[in-house]
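In what follows, a structure is listed as structure tokens, so that the remarks can point back to it.
Read the numbers this way: they start at 1 and go in the same order the structure lists the ligands and their atoms.
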Amino acid sequence: MKKLASFLFVLIILSLFGFSSNTPKKSEDETLSERVDSVLSLMSLEDKIGQLNQLSFGIGWGPTIKVAVPDEYKELIRQGKVGSFLNAVGAEFTYELQKIAVNESNLKIPLIFGLDVIHGFKTIFPVPIGEVATWQPEIVEMSAHYQALEAASAGIHWTFSPMVDIARDPRWGRIMEGSGEDPYLGSLMAAARVRGYQENLSDLNIIACAKHYAGYGGAEGGRDYNTVDFSERTLRDVYLPPFKSAVDAGALTLMASFNEIGGIPSSGSKYLLTDILRDEWGFKGFVVSDWGSIGEMIYHGFASDLKHAGQISLNAGLDMDMESRAYITHLKELVDEGKVDEDVIDESVKRILRVKFLLGLFDDPFRYCKKEREQKNIMTEEIKIAALEVARRSMVLLKNEKNILPLKKTYKKIAVIGPLANSETHPLGGWSAMGDSADVTTVVEGFKKYVDKKTEILYSEGCKIDDNSTKGFSDAAKVAKKADVIVLCLGEGRDMSGEAWSRSSLDLPGKQEDLAKELYKTGKPIVVVLMNGRPLSINWLNENVHAILEAWFPGVTAGDAIAKVLFGDYNPSGKLPATFPRTVGQVPIYYNHKNTGRPGDLKNHYTSKYLDLPLTPLYPFGYGLSYTTFNFDNIKLSSNKLSNEDSLIVSVTVKNTGNYDGEEVVQLYVQDLVGSVTRPVKELKGFKKIMLKRGEEKTVQFTIHEKDLRFTAADMKFKSEPGMFKVFVGNNSVDVLDSQFELTE
Ligand code: BGC
């Protein structure tokens with residue numbers, strides 16, 4: 001009785017304070033934190049350190065990834081000395097590993113499996129720079145969705161993607177993995193990829209990892225891993241926005257980069273990993289190092305040994321150690337010596353456990369390891385159709401003289417020539433996970449499938465991608481002479497862009513340009529198809545061949561997509577996400593540069609220019625043709641003033657003036673004419689891809705708000721400044737209409 005009375009008393013008191021049935025429900029975040037804390041409370045220091053350790057099965061990507069579990073790894077899992085693996089692939093294999101973790105380790109904490117799913121797991125989509133050339137975030141999101149679906153069905157929880165590094169130097173081979181040179185375009189694509197991978201974190205999604213944080217694309221000389229040194233303003237206004245955008249889109253992990261910036265390696269930068277990422281942006285996920293990047297701080301000359309490196313990284317806010325083994329080897333000792341606080345370790349562990357909870361691994365550690373799903377969801381017809389859709393939209397028409405394209409279906413003989421004409425491996429591009437060359441449709445195959453019996457497809461390799469032999473030239477010329485038109489497939493090898501694949505030249509490798517010159521002598525029309533992972537300097541081609549299609553590395557549907565585009569089943573609509581220089585000597589060359597005090601002027605000697613080059617690039621940022629033509633006219637502003645609360649509408653009339661239906665990317669740029677710091681000559685602030693039927697006209701509108709005009713001002717605050725702005729609208733960053741407005745106080 002007494003007990004009941006006191007129970008009632010408690011209930012009354014609780015209801016007075018609003019804790020009865022009306023008790024506000026705990027937020028999901030609170031419940032999650034409690035669950036995380038309850039696991040943490042069971043963990044010894046050794047268990048905690050184990051969660052911070054990530055190990056790999058094999059090195060790199062591709063179907064060569066090993067699948068046997070070494071005894072050493074079994075033991076480490078049993079002892080709770082590893083929290084994550086990368087490169088462990090397959091529903092069955094990851095099941096084996098997970099089983100050891102949840103059945104045989106002390107605390108039964110599930111493992112998290114990561115893989116570089118960069119542009120496809122098995123069904124390979126175009127390389128990322130190609131996907132971005134669609135200028136369609138929704139298409140990029142769809143691609144990420146299917147990549148996730150395949151990977152998740154093969155036991156993968158986590159992709160080391162998107163790579164959101166801005167790249168202004170095409171010598172840097174990793175330009176292929178990113179979104180090119182522009183922070184606005186890069187930010188939209190970063191968010192689209194995060195959404196596509198993570199969606200609602202069901203067991204058919206995977207978590208994203210925005211990398212490489214930060215500044216990695218600024219490597220001096222375009223040489224991978226090289227020193228980076230730019231101003232804080234450039235860091236904040238150019239290199240960080242895509243990371244911020246990925247974080248805002250919910251990215252659950254980030255990867256610290258290999259490079260230093262201004263003397264501080266990112267993997268040891270508290271400023272990047274804690275002050276900006278957590279304190280300014282409120283990031284709640286965890287940060288993984290790049291492969292061995294903690295240990296590499298020794299070579300940077302920033303840490304005296306591995307132990308010191310571990311101390312710096314952990315204290316800076318780097319949570320998980322990928323393959324340096326600095327944490328697993330030294331953290332315990334560092335805590336004992338008082339150099340690392342156990343509370344700091346706790347924070348890192350909590351961030352990792354939180355993600356494991358969000359992935360549902362504590363509820364069902366095997367939810368990603370289901371053999372039936374692997375068989376059902378990989379390389380389905382639906383995914384292949386999606387890959388083809390992305391591939392044809394990724395292609396950029398760089399030249400089309402005398403309307404040689406689309407190819408006539410009445411041609412009797414077409415010569416498909418070149419080292420990339422019948423290649424099964426190169427169209428996959430780099431970082432192609434479990435992609436298999438056997439699944440690739442080559443250009444020759446694509447053409448044969450496409451044409452009817454009346455057209456013959458002839459083939460000759462002509463030369464290799466990158467050697468000095470011209471032996472194949474005569475056969476190629478012989479084949480070319482028989483044909484009505486030559487489709488010449490040139491470019492780079494898939495292993496010439498990507499990590500550690502920097503080039504000092506942007507010319508076509510080997511004897512490929514000479515092959516083009518040889519075929520030119522036949523007098524036959526030449527259509528060049530380029531496959532490559534970076535902007536190339538292709539002046540001779542630009543001047544001499546009839547048409548050029550930039551196809552990037554299109555993935556498994558390469559030949560089908562190229563045939564459809566060249567025959568006009570799809571009218572190309574891609575635009576360049578990075579400037580194509582005339583020669584490597586112009587690099588870095590990017591559209592959103594500063595004016596300088598002496599803007600380049602060929603007629604004036606003391607101006608900023610080269611003696612031996614025009615001022616312009618070969619093809620500017622945002623450039624790309626169509627089989628039809630578009631006319632831009634009548635730029636109008638809803639007002640010539642914009643106040644902080646208001647918005648301004650910019651409109652323009654676009655008309656399809658050619659002979660085909662087609663899509664156009666209408667691009668909006670602004671220039672802040674006077675600032676407390678100098679401002680770029682143009683900055684992309686919006687774009688819309690529209691479809692216009694032949695003869696059709698549309699008015700396209702953009703809305704500009706004050707917040708779109710912000711930048712890191714002289715006082716280092718991110719804000720706009722009142723004054724005059726120019727606004728430009730066009731179909732690339734150079735051919736534009738312009739107007740002006742004033743931003744008022
Ligand atoms: C690369 C990362 C990649 C990691 C894991 C590193 O060498 O820089 O981009 O995610 O390896 O494969």
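- For CZ of Arg78, the number of neighbouring non-hydrogen atoms (other residues, nucleotides, ligands) closer than 6.0 Å is greater than 12.
- With respect to Asp319, the salt bridge (charged side-chain N to carboxylate O under 4.0 Å, His left out) criterion is satisfied by exactly one of Lys48, Arg278, Lys350: Arg278.
- Annotation: Lys211 places an N or O atom under 3.5 Å from an N or O atom of ligand 1; distance criterion only.
- Of all the heavy atoms of Arg174, the ones lying under 4.0 Å from any atom of ligand 1 belong exclusively to the side chain.
- The closest donor-acceptor contact from the side chain of Glu492 to the backbone of Gly533 lies under 3.5 Å.
- In this structure, His212 is part of the shell of residues with a heavy atom less than 4.0 angstrom from ligand 1.
- For atom 12 (O) of ligand 1, the nearest non-hydrogen atom from the set Asp116, Asp165, Asp224, Asp290 belongs to Asp116.
- Side-chain rings of Phe258 and Trp291 stay apart, their centers remaining 6.0 Å or farther from each other.
- By the 3.5 Å distance cut-off applied to N or O atoms, Glu499 is counted among the residues near ligand 1.
- For ligand 1, the atoms lying closer than 4.0 Å to a non-hydrogen atom of Leu86 are 5 (C), 12 (O).
- Taking the six-membered ring for Trp and the full ring otherwise, the centers of Tyr73 and Phe57 sit less than 6.0 Å from each other.
- No donor-acceptor pair under 3.5 Å is formed between the side chain of Thr234 and the backbone N or O of Phe230.
- Residue contact annotation: Met255 has a non-hydrogen atom under 4.0 Å from ligand 1.
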